[in-house]
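Structure record follows, encoded as structure tokens.
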Amino acid sequence: MADAPSSPSEPLIQTDVVIIGAGPVGLFQVFELGLLALKAHVIDSMRQVGGQCAELYPDKPIYDIPALPVCGAQELIDRLMAQIKPFNPTFHLQQTVTELQPLDNGRFHLCTSTGQRFDTGAVIIAGGLGAFLPKKLRVPGAEALEGHSLHYKVADPERFRGRDIVIAGGGDSALDWALAFVDVASSVILLHRSDQFRAAPASVQKMQALCDEYRMQFLQAEIAGLEAEGDQLKAVLVRSRDGVTRHVDTEQLLVFWGLHPKLGPIADWGLGLQRNQIQVDTEAFRTSIPGVFAVGDINTYPGKKKLILSGFHEAALAAFGAKAWLQPDEKVHLQYTTTSPIMHKRLGVESEVS
């Protein structure tokens, strides 16, 4: 423990809770804290809120959010942002927390990569997989094509309309986008080193049916090289299992080989870790450092299921845990948003309860 360090770089921000991570669970964490009258600041390394949902598959449908039979990933983020609006959280984007230091008074000093400093009563880590980077194509000339004709995510599907595209990968993202682009692109070739996929069986079956109908192609091969003129891709060289290298003309290449999850500075904070995940209890999702909690995909405990709805449950209990840590002498009564005038006031809605 120590006194708060001083730094002239940025003014010190004081708050009840700092949430690290602005994905779906981090956003819902704002809501649960707000119901308990706790103010939150949210820090995320990405340039926009939404985590993987917004960054990797904004148009991908999600089917297991309660009461929403189907919901686009970006739509879910937009709904969560609307839900937390009454609590007016402050977002600090495109920066990472580089330092977390417990103080003698039970609070925490945080510092980010931009020099922003925080004095916070509690910390909730909702960092998903941590800092994640796509697994990139390592062949000569690939880096120069990034963002032009080589892509690791789809930000604007219309960009690929009427184009010849090759999609590399064998997981859900590769299959989902291959299926989505069949009626958008001029041609679609799915490229994977194996005929075994990590995607949903229904997606694999649909892909195979489309290949049988000659509406797309599947090649079992690996990328051996690229041919380009400037930043424009002209062809992908693919090597099949028989060692033969073939020339595949294409205009756009999408590579979905998954992510490199990295905890980054979090790994140096003295938290109990298991296989790059933060160990927590299941009463309040406390970590090994009192006052620090972890929710969502970044945590681990017996029976852990990496689902958004599980993260929502964890966020609710972590909020009560943070409240108890910040105000240990105050008894917190469970109140329902349906009937509680206090909850209605915090949410900014008219109470029907006299």
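Residues take their numbers from the sequence shown, with the count starting at 1.
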| CG on D297 to CD1 on I308, rounded to 0.5 Å | 8.5 Å
| field | Other residues, nucleotides, ligands: >12 heavy atoms within 6.0 Å of E146 CD | value | yes
| field | R163, CZ: over 12 other non-hydrogen atoms inside 6.0 angstrom | value | yes
| query | V292 versus I278: any side-chain heavy-atom pair under 4.5 Å? | reply | no
| query | Around Q220, counting heavy atoms of other residues, nucleotides and ligands shown, do more than 12 lie under 6.0 Å from its CD? | reply | yes
| said: Among Q335, K323, M343, which residue satisfies the side-chain contact (heavy atoms from CB on, under 4.5 Å) criterion with L36? | reply: K323
| remark: Separation between CD1 (I266) and CD1 (I298), nearest 0.5 Å, reads 4.0 Å
| query | With no hydrogens and no angle check, is any side-chain donor or acceptor of D44 less than 3.5 Å from a backbone partner on G51? | reply | no
| query | Taking everything shown except K85 itself, do over 12 heavy atoms lie less than 6.0 Å from its NZ? | reply | no
| request: Write down the atom of H344, the atom of T339, and the distance for their closest heavy-atom approach. | output: NE2-N, 4.1 Å
| said: Is the shortest side-chain heavy-atom distance between L253 and L226 below 4.5 Å? | reply: yes
| query | With under 30° as parallel and over 60° as perpendicular, where do the rings of F118 and H41 fit, or are they tilted in between? | reply | perpendicular
| query | What distance separates L175 CG from K206 NZ, expressed to the nearest 0.5 Å? | reply | 11.0 Å
| task | Working to the nearest 0.5 Å, report the span between CD of Q208 and CG of L190. | result | 10.5 Å
| field | D78 versus Q74, side-chain donor and acceptor atoms under 3.5 Å | value | yes
| message | Could you check whether any side-chain heavy atom of V255 comes within less than 4.5 Å of a side-chain heavy atom of K136, counting everything from C-beta outward? | response | no
| message | Quick one, Y301 and E314 - any side-chain contact, counting heavy atoms below 4.5 Å? | response | yes
| message | Measuring only between side-chain heavy atoms, which start at C-beta, is D183 closer than 4.5 Å to R215? | response | yes
| request: Would you check, one step at a time, whether the test salt bridge (charged side-chain N to carboxylate O under 4.0 Å, His left out) holds for R286 with D281? | output: CA-CA 6 Å; R286 291 178 289 254; D281 65 43; 2.9 Å; yes
| said: Taking K39 first and then D16, would you say they form a salt bridge - that is, a charged N and a carboxylate O separated by under 4.0 Å? | reply: no
| task | For the residue pair W325 and F108, categorise the inter-ring angle as parallel (less than 30°), tilted (30 to 60°) or perpendicular (more than 60°). | result | tilted
| With a cut-off of 6.0 Å (strictly less than), are more than 12 heavy atoms of other residues, nucleotides or ligands near CZ of R159? | yes
| Closest approach of Q95 and S113, non-hydrogen atoms and distance? | CA-OG, 3.4 Å
| Minimum heavy-atom separation for A322 to L33, with atom names? | CB-CD2, 4.2 Å
| task | Determine whether more than 12 heavy atoms belonging to other residues, nucleotides or ligands lie under 6.0 Å from atom CD of E330. | result | yes
| remark: d(I223 CD1, T245 OG1) to nearest 0.5 Å is 12.5 Å
| Are Y152 and L137 side-chain neighbours, meaning at least one heavy-atom pair lies under 4.5 Å? | yes
| query | Measuring from S240:OG to E222:CD, what's the distance to the nearest 0.5 Å? | reply | 10.0 Å
| Do the side chains of F181 and L254 get nearer than 4.5 Å, heavy atoms only? | yes
| message | Do T300 and V280 have side chains that approach each other closer than 4.5 Å (heavy atoms only, starting at C-beta)? | response | no
| said: Quick check: closest heavy atoms across L237 and E227, and the distance to 0.1 Å? | reply: CD2-OE2, 3.8 Å
| What heavy-atom pair brings A284 and G321 nearest, and what distance separates the two atoms? | CB-CA, 3.8 Å
